[in-house]
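Before any comments, here is the structure.
Just the heavy atoms: all of them, side chains too, but no hydrogens, waters or symmetry mates, feed the values below.
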There are 2 protein chains.
Amino acid sequence: MSLFSKKKSISVQTIRRLPQYLRVLYDWHGYGRELASSTELAQETQIPPIVIKKDLQAIGAPSKMRAGFKIKGTISAIENFLGWDNLNKAFLVGAGHLGAALLGFSGFKNHGLEIVAAFDTHPERVGNEIHGVHVYHTAQLKSIIEDKKLKIAVLTVPGPAAQGITDTLVACGIKAIWNFAPVKLAVPKGVVVQQEDIASGLAELCACLKTK
Amino acid sequence: MSLFSKKKSISVQTIRRLPQYLRVLYDWHGYGRELASSTELAQETQIPPIVIKKDLQAIGAPSKMRAGFKIKGTISAIENFLGWDNLNKAFLVGAGHLGAALLGFSGFKNHGLEIVAAFDTHPERVGNEIHGVHVYHTAQLKSIIEDKKLKIAVLTVPGPAAQGITDTLVACGIKAIWNFAPVKLAVPKGVVVQQEDIASGLAELCACLKTK
DNA sequence: GAGATGTAGATATTTTTATATCCATATAAT
DNA sequence: ATTATATGGATATAAAAATATCTACATCTC
């Protein structure tokens with residue numbers, strides 16, 4: 001029995017469902033509710049109750065046998081599991097339309113992310129503030145990453161620029177990249193890349209339309 | 001042996017991978033290449049060659065036994081499967097930051113989507129053009145949907161407004177909704193909703209960071 | 001207090017998806 | 001021509017995920 005026995009390898013799908021639970025639980029918590037059951041969560045999220053039960057079980061959310069799950073405790077369990085209970089300092093590279101949209105999304109504070117800087121190469125963007133976040137020139141990446149101790153990069157540059165920026169980020173010691181460019185990034189082992197591909201969702205929608 | 005035997009029920013994951021193949025194939029096609037193998041695609045996309053082989057097999061992409069897959073034919077097969085070989089007229093509701101970013105994304109033309117109208121309620125947005133697309137008031141939804149024979153809705157409104165707009169869209173006969181609001185939409189059977197949840201990807205990234 | 005009810009917990013089963021293995025064959029090198 | 005090689009095709013295996021089933025128990029109703 002090792003210290004690593006805790007690692008039950010929670011499935012990716014489970015992880016992707018957690019934010020959905022969180023949203024509903026936040027809502028209910030705001031109304032002063034204290035307990036919620038899998039079946040109630042199922043009604044709200046349209047996810048089968050058995051799946052919810054297993055997901056919450058997997059991350060060790062505290063529950064009461066008959067009464068369901070404690071809302072406050074479940075929120076804490078999810079936040080803790082995702083590391084959303086304390087803020088990671090992040091920055092954004094590529095302050096174009098999408099970048100600006102992300103900078104304007106206030107919800108990240110609830111998601112463990114605090115975007116404290118933005119970078120771009122366009123002269124008309126550099127030096128401005130977008131939604132309260134200063135835009136630096138990309139040339140300053142290294143110094144500011146070190147200075148502000150930034151950990152997570154949000155990449156919203158055009159596809160052709162993505163790999164070049166990534167190489168710079170890796171050289172700066174960044175270990176986590178949230179990539180919105182439609183490019184598969186090559187990174188050394190130990191660097192986590194989360195690919196956000198808008199086309200995948202559209203493909204799903206279109207395929208569903210065609211077969212229907 | 002029915003006529004429906006063709007329906008091999010292609011997996012969602014396969015569908016979500018198709019756009020990745022497409023991007024690489026477009027690129028190679030642009031260079032005048034004619035043949036590509038699973039292993040080559042695997043190198044470029046970092047997807048295991050066996051998966052690629054099965055995916056392309058599943059949608060019936062034409063191939064040559066030894067030489068690999070015909071790039072042109074594979075592109076056609078994917079485009080045809082996804083219905084991306086002819087444009088669907090779409091519109092966008094919610095011309096905020098994210099909406100504007102999507103309107104500025106020219107790539108949709110390659111993805112079977114042509115956004116020909118936008119809607120919003122803010123007086124300062126209504127009447128403007130964003131990236132060449134006119135912004136109408138949401139009150140005009142019904143008439144313009146019918147007038148322009150629009151089929152697909154892209155929903156980029158704030159969460160609280162999403163369900164209300166959805167009800168209107170359903171009443172207008174819209175059958176496909178691409179939803180970027182972090183809300184699970186309730187729709188009648190027969191209406192396809194594709195949920196785009198940015199928090200899921202972030203959760204994946206954070207969980208990956210924590211367990212590493 | 002007794003029983004009905006709905007819940008989490010644990011386990012088992014099924015389904016889906018990914019991965020591996022072997023084979024026939026077209027191509028390229030010799 | 002001959003051989004080596006890399007590929008798609010087909011099948012089999014493994015892994016992952018979803019779903020079902022059963023049990024024990026806390027709460028509620030009467």
Q. Among the nucleotides dT17(C), dA20(C), dA8(C), which one has an atom lying closest to any side-chain atom of I50(B)?
A. dA20(C)

Q. Atom CG in L169(A), atom CD in Q163(A): separation rounded to 0.5 Å?
A. 10.0 Å

Q: Would you confirm whether the ring centroid of W28(B) sits within less than 6.0 angstrom of the ring centroid of Y26(B)?
A: no

Q: Map Q57(A) and K54(A) onto DNA chain C by nearest heavy atom, then report which one ends up closer to the 5' terminus.
A: Q57(A)

Q. Has S11(A) got a side-chain N or O lying under 4.0 Å from the OP1 or OP2 atom of dA16(D)?
A. no

Q | Length of the line joining K53(B):NZ and dA6(D):C1', which is rounded to integer Å | A | 11 Å

Q) Is the H97(B) to H131(A) ring centre distance short of 6.0 Å? A) yes

Q: Could you state the atom-to-atom distance from CZ of R16(B) to P of dT17(C) in whole Å?
A: 13 Å

Q. Quick one: Q46(B) CD to dA18(C) P, roughly how many Å, whole number?
A. 17 Å

Q: Compare side-chain N and O positions of S63(B) against OP1 and OP2 of dT7(D) and report whether any pair is under 4.0 Å apart.
A: no

Q. OP1 or OP2 of dA8(C) sitting under 4.0 Å from any side-chain N/O of S38(A)?
A. yes

(Q) Looking at dT7(D), I'd like to know if its phosphate oxygens (OP1 or OP2) sit under 4.0 Å from a side-chain N or O belonging to T39(B). (A) yes

(Q) Output the rounded distance in Å from CG (D55(B)) to C1' (dT17(C)). (A) 10 Å

Q. Between atom CD in Q13(A) and atom P in dA16(D), what is the gap in whole Å?
A. 12 Å

Q) How close or far is atom P of dT7(D) from atom CD1 of I71(B), stated in whole angstroms? A) 14 Å

Q | Approximate separation, where rounding is to 0.5 Å, of D197(B) CG and R23(A) CZ | A | 4.0 Å

